[in-house]
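Owing to the predicted nature of the structure, the values given are computational and were not obtained by experimental measurement.
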Amino acid sequence: MRRLLHPNASHVADTLIARGHHGVIITQPTPTHTAEEAADALGVDVGAIVKSLVFQLDDDPVLLLVSGSHQVNLDKTGTRLEGVLTRAPAEMVRHATGQPIGGVAPIGHPTNLQTYVDNALDEFPELWAAAGHPNTVFRTTFTELLRITAGLAIDVD
């Protein structure tokens, strides 16, 4: 029986392909809402999971792609980004990404989000990121993630 991708995941696959990525999306049998759940399902280190987190930098939404083993230090990271960094409200996340929390992909958003990538992700040869829905993921690398998102590498702790 053929399973169709969720429309969000299909859009992410198309965006990946347009940016030179293979575009393969893996659908898990059950949703993985946290980095720990995703790591368990994939059999990888939690640090190799890319958390796509929307924050507000002053008044603008920004996307931080963070290692699953890291928490963002709002004060230090905000200082690095030369502004005040706060968590974005759920409605802003949905509006900025068009994707549900727990399944936000690094790409495929209706808005052009400035993107920052956690340097800690460079420790892993293979990374896994959500693909627009809580039970979909795709494989990438640190270098490829920087390229496909036009992101800037930073420290988040």
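- Applying the side-chain hydrogen bond (donor to acceptor under 3.5 Å, both in side chains) test to pairs two or more places apart or on separate chains, those with a residue in residues 59-69 are Ser67-Ser69.
- Residues Glu144 and Thr140 come closest through the heavy atom pair OE1-OG1, 2.9 Å.
- Looking at heavy atoms from C-beta onward, Ile26 lies in side-chain contact with Trp128 at the 4.5 angstrom threshold.
- For the side-chain contact (heavy atoms from CB on, under 4.5 Å) test, residues two or more places apart in sequence or in another chain that qualify with Asp122 are Phe142.
- Across all non-hydrogen atoms, the minimal contact from Ala105 to Gly132 is CB-N, 3.6 Å.
- Leu64 and Thr77 get closest at one heavy-atom pair: CD2-CG2, 4.0 Å.
- Under the side-chain hydrogen bond (donor to acceptor under 3.5 Å, both in side chains) criterion, the residue pairs touching residues 84-104 are Glu91-Arg94, with sequence neighbours excluded.
- Under the 4.5 Å side-chain contact rule for hydrophobic residues, Leu5 and Val12 share a cluster.
- Heavy atoms from other residues, nucleotides or ligands lying under 6.0 Å from CD of Gln71 number 12 at most.
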**Request:** With side-chain contact (heavy atoms from CB on, under 4.5 Å) as the test, would you mind laying out the steps for Val62 and Leu85 before giving the verdict?
**Result:** CA-CA 9 Å; Val62 295; Leu85 193 66; 4.1 Å; yes
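- Looking at Leu16, Thr15, Leu145 one by one, the single match for side-chain contact (heavy atoms from CB on, under 4.5 Å) with His21 turns out to be Leu16.
- The hydrophobic clustering, which links ILVMFWY residues whose side-chain heavy atoms are closer than 4.5 Å, places Leu57 and Val156 together.
- Residue pairs meeting the side-chain hydrogen bond (donor to acceptor under 3.5 Å, both in side chains) criterion with at least one partner in residues 102-118, sequence neighbours excluded, are His70-Asp118.
- With sequence neighbours left out, Pro89 forms a side-chain contact (heavy atoms from CB on, under 4.5 Å) with Gln56, Met92.
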**Request:** Show your working on side-chain contact (heavy atoms from CB on, under 4.5 Å) between Asn8 and Thr136 and close with a plain yes or no.
**Result:** CA-CA 10 Å; Asn8 288 353; Thr136 60; over 6 Å; no
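- Annotation: the span from Gln28 atom CD to Asp40 atom CG amounts to 11.0 Å, rounded to 0.5 Å.
- Cluster note: Val46 groups with no other residue, as no ILVMFWY side-chain heavy atom lies under 4.5 Å from it.
- In this structure, Leu146 CG and Asn119 CG are separated by 8.0 Å, a value rounded to the nearest 0.5 Å.
- Side-chain atoms of Arg19 never come within 3.5 Å of backbone atoms of Arg147 as a donor-acceptor pair (strictly under, hydrogens ignored).
- For the residue pair Pro106 and Phe138, the shortest heavy atom distance occurs at CD-CE2, 3.8 Å.
- Side-chain heavy atoms closer than 4.5 Å link hydrophobic residues (I, L, V, M, F, W, Y) into clusters, and following such links, even through other members, never connects Leu113 to Leu53.
- Nearest approach of Ile25 to Ala131, heavy atoms of both residues: CD1-CB, 3.6 Å.
- Under the 4.5 Å side-chain heavy-atom criterion for Ile, Leu, Val, Met, Phe, Trp and Tyr, Leu63 and Leu81 are members of distinct hydrophobic clusters.
- Note: Ile148 CD1 to Thr143 OG1 = 11.5 Å, rounded to the nearest 0.5 Å.
- Taking NE2 of His133 as the reference point, atom NE2 of His11 lies at 15.0 Å (rounded to 0.5 Å).
- No donor-acceptor pair under 3.5 Å is formed between the side chain of Asp155 and the backbone N or O of Asp157.
- A continuous path of hydrophobic side-chain contacts links Val50 to Ile101 [ILVMFWY only; heavy atoms under 4.5 Å].
- Nearest approach of Pro61 to Val54, heavy atoms of both residues: CB-CG1, 4.2 Å.
- Using a 4.5 Å heavy-atom threshold, the side chains of Leu42 and Ile49 count as touching.
- Atom CD in Glu126 sits 12.0 Å away from atom CG in Asp45 (nearest 0.5 Å).
- Distance CG/Leu152 to CG/Leu65: 11.0 Å, rounded to 0.5 Å.
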